[in-house]
Amino acid sequence: MSGAIDITRLHKAYGRHVALHSLDLHVTPGTIFGLIGPNGAGKTTTLRTLVDVIRPTSGTARVLGEDPRTGGAALRRRIGYVPGELRLEGRVTGHRLLAFYAEVSGPVAPGAVDGLAERLGVDLTRPVRTLSKGNKQKLGLIQAFMHRPELLILDEPTSGLDPLVQREFLQLVREARDAGQTVLLSSHVLSEIQQTADEVAVLAAGRVVAEGDVASLRLGSVRRVRAVIATTDAAATATRFDRLPGLSGLETRAGDGILHLSGTVDGAIDPFVKALSPFEVQDLTVEEPDLEESVLRLYGDGAASAPSRGGETRRSRRQRAQRGERDRG
Ligand code: ATP
């Protein structure tokens, strides 16, 4: 069965710089597919190829069964696209701008635009150029969703949105999937992909370095932790934490009956929390590390030498990805 998106050996070079190295990706219809990766990984390049804003050096992309280079306006009407960098500067109001987009995108159900504007919280009577970055981004989201396209291609769609609006937007994405639409969502924020995506591909330096469902990638299971606890025997307490399974990179600082602990928990957080419980906990922070660190940790773990696709080991793919990173610099 052909996918909503089928990318085969897609290669893109900007002059001597290779942005995509023979990329393969397949998105199943009716799913949310998360494309995640650090800055410069090639997410925007991939998405722009799908809407024919840029053309690949070689390889093919099929979108809803068609070639984006020849699909023209008819194919574009079946797609809702939010570009990574949205520039809206006109004197027209949000209403007028969206009415213009509707002429291009095809029929929009009555009330759809106002309903989306209300949910996202944007005033469509104001001239577009007077809107904040976040409110302009909301117009970008509305134009992508308003005609209920079969496929949504969303490049970093939550950039500039405050957390409450981000949550509402992620709800819109899930509703789109539940209504049978397909969503390709790019992000460098792990948590929003975790909350929505059915399948994920991790891109690093123009290559897919991991692919699967969110849980199997274990990206989210790595967390940086910091705690401040009261203890009468800092040395013994530090040793206790040093032996705690799943806690690595432990750093400690002691003084005045207080012990500062920091490190990285890989896997369940429960053993760490239980280990803290005998002590008076004065402060506790648990945060996800940045995506780059998550990706590198994933490929540095014990499974690093397990065979992966095409007989290549995970470690060798990581090393190639890292070489690609260095090529960029
Ligand atoms: P970000 O999250 O920072 O937007 P990204 O994953 O979307 O990153 P791309 O914008 O696709 O990454 O860029 C991939 C690589 O290609 C980067 O190294 C970037 O510098 C390079 N690149 C992108 N567009 C061009 C261009 N027009 N000319 C030259 N190099 C480019």
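Both ligands and their constituent atoms are indexed starting at 1 by order of listing.
Atom CZ of R78 has more than 12 neighbouring heavy atoms from other residues, nucleotides or ligands inside a 6.0 Å radius.
Ligand 1 has no nitrogen or oxygen under 3.5 angstrom from a nitrogen or oxygen of T46. Considering backbone and side-chain N/O atoms, A19 never comes within less than 3.5 Å of an N/O atom of ligand 1.
Taking only non-hydrogen atoms, the option from K12, K43, E156 nearest to atom 5 (P) of ligand 1 is K43.
Close contacts between ligand 1 and N39 involve ligand atoms 1 (P), 2 (O), 3 (O), 8 (O) [criterion: under 4.0 Å to a heavy atom].
L259 approaches A238 most closely through the heavy-atom pair CD2-N, 4.0 Å. When all heavy atoms are compared, the tightest approach of F241 to L247 is O-CD2, 3.5 Å.
Ring geometry, H21 versus H11: the interplanar angle exceeds 60°, so the pair is classed perpendicular (tilted spans 30 to 60°).
Look at G42 and you'll find a heavy atom under 4.0 Å from some atom of ligand 1.
Tracing side-chain contacts under 4.5 Å through hydrophobic residues (I, L, V, M, F, W, Y), one never reaches V228 starting from V273; they form parts of separate clusters.
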